[in-house]
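Here's the structure we're looking at; comments come further down.
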Amino acid sequence: MVSLRVYIISRLLLAIPMILILLSVVFVVLRVMPGDPVDAIVGPKAPESVKEKLRHELGLDKPLWEQYVDYLSGLLKGDMGTSLYTHRPVFEEIMDHFPATLELTICSMIVAIVVGIFTGAFGARRRNTPGDVAVRVYGIMIYAFFIPWFAMLLKLVFSVYLKWLPSGSRIEPWATPKRITGLYLIDSLLTGNIVAFVSAIRHLILPSMTLGLVLSGIFTRMTRGNLIEILRRDFITAARARGIPENRVIYGHALKNALIPIITMFGMEFALLLAGAVLTETSFAWPGIGTFLVERIAYRDYTAVQGVVVFYALLVVLVNLIVDVIYAYIDPRIRY
Amino acid sequence: MSIRRAIFSRIFRRRELEFWFTVIGGIMIIALVLMSVLAPYISPYDPTKSVGPSYCPPCEKFPLGTDKMGRDMLSRIIHGGRIALYIGIVAAFVSMAIGVPLGLISGYAGGTLDRILSLIMDSIYAFPGLVLAIIIAAMLGPNVINVIIAIAIIYVPTFFRVTRGQVLSIREEVYVEAARALGAGSSTVLLRYIFPNVIPNIAVIMSLCIADAILTEAGLTFIGLGPVVPPTPDWGYDLTVGRYVLGVGYWWIITFPGFMIFLAVLAFSLFGEGLNELLNPTLRER
């Protein structure tokens with residue numbers, strides 16, 4: 001039996017090659033693959049002198065391995081370069097947009113988990129009834145929704161026809177709360193700004209419903225599958241035999257155990273969440289990292305694009321690390 | 001048991017639900033492919049030509065309405081899946097052609113090679129696929145081949161992981177040991193004894209990857225990195241253009257192309273998930 005501390009340290013060490021690999025993949029895609037970044041920035045028809053100058057500025061005239069070393073050592077110093085479009089440090093710009101993405105993804109995740117667990121538990125309880133079939137069909141069908149389409153349908157109903165909710169952006173511009181964390185919900189509460197809080201919630205509902213519901217299908221299926229397995233175990237039979245009400249057996253005894261494997265899946269879910277957030281943000285003009293990436297690709301802001309991708313890579317490794325540690329903490333069997 | 005429930009279980013439980021998923025998904029796939037192949041013969045109008053007034057709501061003459069240019073939406077819908085399905089299917093095949101052999105070798109050989117390959121594949125797998133596809137498509141430039149490459153790269157790890165996992169378990173089977181004891185070489189064992197047993201699961205992943213690839217292609221189009229040049233009809237493109245008239249309430253422009261993407265993804269998902277349950281029954285009644 002290895003202690004938790006040893007496990008965490010070895011898991012931390014494993015994160016290093018993963019970061020290196022992802023950073024190298026980014027490097028390969030941006031520099032080694034056919035397609036000249038300079039062409040991508042100024043267009044293939046630009047005069048050769050302009051291209052040369054830019055190539056020199058970006059250090060693209062150096063040998064490949066030297067570029068690679070420069071790139072890695074720059075990142076090690078926390079330097080993501082300066083935006084070609086705004087001439088601001090890329091890291092600063094990313095941090096401007098990150099809270100919006102964080103707020104959206106957290107809210108979407110809450111929607112996905114709540115909806116997923118309830119539908120999944122509902123199906124598992126009523127195994128092989130029409131209700132269960134509906135849950136299974138839901139689990140597959142909801143994932144087939146193309147996020148921008150789903151977003152447009154919700155917008156059509158709730159903001160164009162019913163006019164209940166705003167169709168885009170994060171908040172009414174005049175209601176923006178003072179920036180503390182960058183998360184509007186928290187900032188508006190901290191400053192006691194109820195108007196901002198309401199506005200932020202109203203703007204959050206449609207985007208987090210869109211992303212949350214599309215991702216909920218996976219949780220539905222996992223919860224249903226795990227719960228059915230757990231309900232077959234002896235301790236459930238024992239609990240039922242002791243006369244504990246069925247609701248408490250399911251929600252108190254079984255569900256808790258069914259949720260542990262779901263935590264392990266969260267690392268992979270996170271990639272889906274980030275990818276989904278790009279489309280959700282673009283659909284709702286939500287000023288997060290996804291919108292930032294798409295906008296800078298259109299402006300051919302090469303350094304900003306590279307910075308965003310590196311940021312995603314670090315985020316993914318960090319989240320996977322946290323998930324593994326939490327899982328090891330909850331389930332001691334994992335640490336041998 | 002109530003009568004309703006009895007009737008219900010007679011219809012559905014005789015054949016397990018996953019059987020119906022597979023059949024319905026399969027029929028939908030065939031229907032979509034037929035529609036795309038036969039598009040020029042069955043669509044009422046030329047999808048690239050203006051045949052009516054601009055933004056005409058669905059009516060008798062144009063059952064799904066017309067778009068900005070007065071083109072018939074029904075004809076565009078019928079033609080619109082050709083590129084999406086083509087890209088989805090070809091990209092998934094390319095991923096398979098790279099991921100499966102790597103998975104076979106990695107799983108069978110083990111050791112350092114396996115560890116390095118697995119680490120690389122796991123890292124890419126953990127990265128949001130659409131973002132990777134976006135930067136690859138942005139660097140290569142948007143056209144059909146480049147979009148196929150971008151999408152194919154992001155699904156290689158999926159095939160790799162599934163194949164490798166399968167090889168690891170099949171490798172320990174008695175018949176593989178028997179083959180080896182009889183003097184079969186590594187390549188014979190791998191190709192004649194292990195590979196055939198991996199194929200069913202590859203079919204599952206294939207179907208699910210096509211579903212995902214169609215979504216990714218539509219996503220790239222939505223972001224402006226799509227392979228489609230107007231006036232070529234494409235579900236993703238028509239949907240993307242439709243968002244600009246959403247506020248005016250022209251619902252038919254977005255509803256139908258999006259619904260077709262939904263149907264196509266659903267078809268391949270149902271087929272893949274159903275097949276998976278039939279092949280690997282994890283939750284059958286014991």
Side-chain angles (χ1 to χ4, degrees), chain A residues 14 17-19 21-22 25-26 29-30 33-35 37 40 128-130 133 136 140-141 143-150 152-153 155-156 159-161 167 225 228-229 232 267-268 270-279 282-283 290 293-294 297-298 305-306 308-309 312-313 316-317 320, chain B residues 4-5 8-9 12-13 17 21 119-120 122-132 134-136 138-141 146 153 211 214-216 218-219 222-225 235-236 239-240 242-243 246-249 251 254-255 257-259 261-267 269-270 273 282-283 285-286:
Chain A
L14 198 68
M18 199 169 162
I19 291 179
I21 288 168
L22 277 177
V25 169
V26 173
V29 169
L30 292 177
M33 269 173 53
N128 291 328
T129 63
V133 172
R136 291 187 66 185
I140 294 183
M141 209 180 243
Y143 186 68
F145 276 79
F146 181 45
I147 289 173
W149 182 56
F150 195 31
M152 286 182 211
L153 291 181
K155 277 203 265 187
L156 201 60
S159 40
V160 177
Y161 291 143
S167 68
I228 287 173
E229 282 297 323
R232 282 200 191 119
M268 278 150 210
F270 186 67
L272 279 177
L273 184 67
L274 283 182
V278 174
L279 291 175
T282 322
S283 300
L293 173 70
V294 171
I297 281 178
V305 171
Q306 176 179 307
V308 170
V309 182
Y312 274 127
V316 161
V317 174
N320 275 293
Chain B
R4 231 176 57 217
R5 190 181 283 186
F8 180 82
S9 55
F12 282 96
R13 275 182 76 187
L17 191 60
F21 280 174
L119 195 60
I120 294 175
D122 284 352
S123 306
I124 299 176
Y125 188 78
F127 197 78
L130 180 68
V131 174
L132 195 56
I134 287 174
I135 55 164
I136 297 173
M139 286 314 290
L140 295 178
N146 291 345
I153 289 174
I214 294 171
L215 283 176
T216 307
F222 186 72
I223 273 158
L225 294 167
W235 299 331
L239 181 70
T240 307
R243 72 174 145 162
L246 193 68
V248 209
W251 57 273
I254 63 136
T255 307
F259 187 65
I261 298 176
F262 168 72
L263 281 185
V265 176
L266 185 63
S269 299
L270 279 177
E273 295 291 352
T282 46
L283 286 175
E285 222 66 66
R286 276 176 210 156

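Since we're looking at a predicted model, the values are computed, not measured. Throughout, protein chains are lettered first and strands after them, A, B, ... in sequence-line order, and every chain is numbered starting at 1.
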So which of [options] has the largest heavy-atom pair count under 4.5 angstrom toward chain B?
| options | answer |
| --- | --- |
| A:Leu153, A:Leu272, A:Val294, A:Leu293 | A:Val294 |
| A:Leu14, A:Val309, A:Leu274, A:Val305 | A:Val309 |
| A:Phe270, A:Phe150, A:Tyr161 | A:Tyr161 |
| A:Pro17, A:Ala277, A:Ala313 | A:Ala313 |

Over all heavy atoms of both residues, which pair between [X] and [Y] is shortest? Give the atoms and the distance, please.
| X | Y | result |
| --- | --- | --- |
| A:Val160 | B:Leu246 | CG2-O, 3.7 Å |
| A:Val29 | B:Met139 | O-CG, 3.8 Å |
| A:Thr282 | B:Arg243 | O-NH1, 4.0 Å |
| A:Ala144 | B:Leu215 | O-CD2, 4.1 Å |
| B:Ala126 | A:Ala271 | O-CB, 3.2 Å |
| B:Asp122 | A:Met18 | O-CE, 4.5 Å |

Chain A heavy atoms under 4.5 Å from B:Phe259: which part of the residue, side chain, backbone, both or neither?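 Contact with chain A: backbone and side chain both.
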
Atom group of B:Thr255 that falls short of 4.5 Å from chain A, counting heavy atoms: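 Both backbone and side chain.
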
Measuring from A:Ile147:CD1 to B:Ile261:CD1, what's the distance to the nearest 0.5 Å?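 If we round to the nearest 0.5 Å, A:Ile147:CD1 and B:Ile261:CD1 are 12.0 Å apart.
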
How long is the straight-line distance from CD1 of A:Ile140 back to OG of B:Ser269, given to the nearest 0.5 Å?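 Interatomic distance, B:Ser269 OG to A:Ile140 CD1, rounded to 0.5 Å: 7.0 Å.
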
Less than 6.0 angstrom separating the ring centers of A:Phe145 and B:Phe262, yes or no?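 Between B:Phe262 and A:Phe145, which both carry aromatic rings, the centre distance is below 6.0 Å.
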
What option among B:Leu239, B:Val131, B:Leu225, B:Ile214 has the most heavy-atom pairs under 4.5 Å with chain A?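 Max contact count across the listed options: B:Leu239.
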
Is A:Ser159 in contact with chain B via its backbone, its side chain, both, or neither, using a 4.5 Å heavy-atom distance?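 For A:Ser159, no heavy atom lies under 4.5 Å from chain B.
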
Residue that, paired with A:Met141, satisfies side chain to side chain contact (heavy atoms under 4.5 Å, CB included) out of B:Val265, B:Leu270, B:Leu266: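 Among B:Val265, B:Leu270, B:Leu266, the one meeting side chain to side chain contact (heavy atoms under 4.5 Å, CB included) with A:Met141 is B:Leu266.
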
I'd like to check B:Leu17 versus A:Asn128 (side-chain heavy atoms, cut-off strictly below 4.5 Å). Are they in contact?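 A side-chain contact under 4.5 Å is absent here.
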
Quick one: does B:Leu132's side chain get under 4.5 Å of A:Val25's, heavy atoms only?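 Heavy-atom side-chain distance check passes, below 4.5 Å.
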
Parallel, tilted or perpendicular: which one describes the rings of B:Phe222 and A:Phe146, with boundaries at 30° and 60°?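 If you compare the ring of B:Phe222 with that of A:Phe146, the planes turn out perpendicular.
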
